[in-house]
Amino acid sequence: MVQLSSLLTQKSWREALGAEFEKPYIRELELFLSQELSAGKNILPPQPHWLEALNSTPLDQVKVVILGQDPYPTAGHAHGLCFSVQPEVKPLPKSLVNIYKELESDCGIDNSHTGYLLPWAGQGVLLLNAVLTVEEGQTNAHKGKGWETFTDTVISTIDKECQGVVFLLWGAYAQKKGQHIDTQKHHILHAPHPSPLSAYRGFWGSRPFSQINTYLTDKGRIPIEWQL
């Protein structure tokens, strides 16, 4: 039987979310995931990485939240951080290519050599998908199974416990998920999703990376080094 609490190793998140793992919806989610594994389905990312976003960015260090939807459904790509892929993955996913194009236009930084975003996470950028697992080859296969409730709690916890966090909400899905964030305490940046299907609607030229660092600097915080 899957035990999600055992996958959360980061101390500040364990303290904040410990009671969440006792709730009925988590038990149902664990049962669903266990049944999928027993049926021989390949769940991505690999199980040790399901809560990687939280383990990589402690609650008390969160400066920026980037919200994604669900993991890449291609084996070998997802490792638990939204939009990020394993270091050896080439070519890069198209949404990440577009994120990098905007980063280069905005800040003059070329990260096209790697899609591995863990160094961002280590600086306080929480790279959080709304749904933290997917079946290989089946986008949105785990939608509506309980992950959304869990990640809503993550966002609510940041909203309550942190101050001056920048939420980067790309696309209607992320914007709806972040609609209850306290804008008196935090800064929200909206833009269309970087997908090739929508980037032309205003993602290009949105300059999120320089805006994030300007905000952090104005708050007396260390800006993010976007160069990988």
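Along the sequence shown, the residues carry numbers beginning at 1.
- In terms of heavy atoms, Glu136 sits closest to Ala75 at OE2-CB, 3.6 Å.
- The side-chain heavy atoms of Pro73 and Gln138, taken from C-beta on, include no pair separated by under 4.5 Å.
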Using side chain to side chain contact (heavy atoms under 4.5 Å, CB included), reason through Cys162 and Leu59 one step at a time and then give a plain yes or no.
CA-CA 8 Å; Cys162 301; Leu59 172 60; 3.8 Å; yes
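- In summary, the side chains of His142 and Thr133 do present a donor paired with an acceptor at a separation below 3.5 Å, with no hydrogens or angles considered.
- Within the 3.5 Å criterion, the main-chain N or O of Lys160 finds a donor-acceptor partner in the side chain of Lys185.
- Ile26 contributes atom CD1, which lies 12.0 Å from atom CD of Gln3 (distance to the nearest 0.5 angstrom).
- Under a 4.5 Å side-chain heavy-atom criterion applied to ILVMFWY residues, the cluster that includes Ile222 comprises that residue alone.
- In summary, of the residues considered (Val85, Asn98, Asn111), a side chain to side chain contact (heavy atoms under 4.5 Å, CB included) with Leu92 occurs for Val85 alone.
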Please walk me through it: do Glu52 and Leu81 pass side chain to side chain contact (heavy atoms under 4.5 Å, CB included)?
CA-CA 7 Å; Glu52 190 70 23; Leu81 307 182; 4.3 Å; yes
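- Using a 4.5 Å heavy-atom cutoff, the side chains of Phe203 and Ser198 are not in contact.
- A search for ring-ring contact (aromatic ring centres under 6.0 Å, His included) contacts involving Phe167 returns His186, not counting sequence neighbours.
- In this structure, a donor-acceptor pair under 3.5 Å is absent between the side chains of Glu36 and Ser34.
- For the pair Gln86 and Gly76, the tightest heavy-atom approach, listed with the atom from each and the gap, is CG-O, 3.3 Å.
- At least one side-chain heavy atom of Asn129 sits under 4.5 Å from a side-chain heavy atom of Pro71.
- Rounding to the nearest 0.5 Å gives a distance of 9.0 Å between OG of Ser56 and CG of Leu126.
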Working note: Trp147 + Leu29, criterion side chain to side chain contact (heavy atoms under 4.5 Å, CB included); need CA distance, chi angles, decisive distance, verdict.
CA-CA 7 Å; Trp147 279 126; Leu29 174 59; 3.7 Å; yes
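- Residues Leu128 and Leu189 do not share a hydrophobic cluster, defined by chaining ILVMFWY side chains whose heavy atoms lie under 4.5 Å apart.
- Taking NZ of Lys41 as the start and CD of Gln35 as the end, the distance is 10.0 Å to the nearest 0.5 Å.
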Which pairs of donor and acceptor atoms, one on a side chain in residues 170-178, lie under 3.5 Å apart (sequence neighbours left out)?
from, atom 1, to, atom 2, distance (Å)
Gln175, NE2, Leu169, O, 3.2
Gln175, NE2, Gly171, O, 3.4
Gln175, NE2, Ala191, O, 3.1
Lys177, NZ, Glu148, O, 3.1
Lys177, NZ, Thr151, OG1, 3.0
Lys177, NZ, Asp152, OD1, 2.6

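- Using a 4.5 Å cut-off on side-chain heavy atoms (C-beta onward), Ile109 and Glu104 make no contact.
- Residue pairs meeting the salt bridge (charged side-chain N to carboxylate O under 4.0 Å, His left out) criterion with at least one partner in residues 80-101, sequence neighbours excluded, do not occur; the list is empty.
- Under the rule for a ring-ring contact (aromatic ring centres under 6.0 Å, His included), the partners of Trp226 that lie at least two apart in sequence or sit in another chain are Trp120, Phe209.
- Distance check, rounded to the nearest 0.5 Å: CG of Asp159 to CD1 of Ile181 gives 6.5 Å.
- Ion pairing of Arg207 with Glu102 is absent here, as no side-chain N (NZ or NE/NH1/NH2) approaches a carboxylate O to less than 4.0 Å.
- Counting only heavy atoms from C-beta outward, the side chains of Trp50 and Val2 approach each other to under 4.5 Å.
- Using a 4.5 Å heavy-atom cutoff, the side chains of Asn42 and Glu135 are not in contact.
- Judged by distance alone, the side chain of Tyr72 and the main-chain N or O of Thr139 form no donor-acceptor pair under 3.5 Å.
- Contact annotation: the side chain of Leu7 approaches that of Gln47 to within less than 4.5 Å [non-hydrogen atoms, C-beta and beyond].
- Leu44 and Phe32 fall into different hydrophobic clusters, defined by Ile, Leu, Val, Met, Phe, Trp and Tyr side-chain heavy atoms under 4.5 Å apart, directly or through other members.
- Hydrophobic clustering (side-chain heavy atoms under 4.5 Å, transitive across Ile, Leu, Val, Met, Phe, Trp, Tyr) groups Leu8 together with Val154.
- A distance-only check finds a donor-acceptor pair linking the side chain of Asn55 to the backbone of Gln10 [under 3.5 Å].
- Counting only heavy atoms from C-beta outward, the side chains of Tyr215 and Arg221 never approach each other to under 4.5 Å.
- Linking ILVMFWY side-chain heavy atoms closer than 4.5 Å, directly or via other members, places Leu168 and Trp204 in a single hydrophobic cluster.
- Taking OG of Ser5 as the start and CD of Glu22 as the end, the distance is 7.0 Å to the nearest 0.5 Å.
- Shown here for Trp13 and Thr157, the closest heavy-atom pair between the two residues is CZ3-CG2, 4.2 Å.
- For Phe150 and Phe21, the ring centers sit closer than 6.0 Å to each other.
- In this structure, the side chain of Thr57 engages the main chain of Ala121 through a donor-acceptor pair within 3.5 Å.
- The shortest heavy-atom contact between Leu33 and Ile43 is O-CD1, 3.9 Å.
- The hydrophobic clustering, which links ILVMFWY residues whose side-chain heavy atoms are closer than 4.5 Å, places Ile224 and Val65 apart.
- Residues satisfying the ring-ring contact (aromatic ring centres under 6.0 Å, His included) test with His49, not counting sequence neighbours, are none.
- The minimum heavy-atom distance between Ala78 and Pro45, with the atom names listed, is O-CB, 3.4 Å.
- In this structure, Asp218 CG and His187 NE2 are separated by 9.5 Å, a value rounded to the nearest 0.5 Å.
- In the model, His180 has no side-chain atom that pairs as donor or acceptor with a side-chain atom of Ser156 under 3.5 Å.
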Between Cys82 and Leu67, does a side chain to side chain contact (heavy atoms under 4.5 Å, CB included) hold up when you go through it step by step?
CA-CA 7 Å; Cys82 75; Leu67 282 178; over 6 Å; no
Can you check ring-ring contact (aromatic ring centres under 6.0 Å, His included) on Tyr200 and His193, steps first, answer last?
CA-CA 9 Å; Tyr200 66 91; His193 195 277; over 10 Å; no
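- Residue Gln123 comes nearest to Glu225 through the heavy atom pair OE1-N, 2.7 Å, listed as atom of the first residue, atom of the second, then distance.
- A donor and an acceptor atom, one from each side chain of Tyr25 and Glu30, are nowhere located under 3.5 Å apart.
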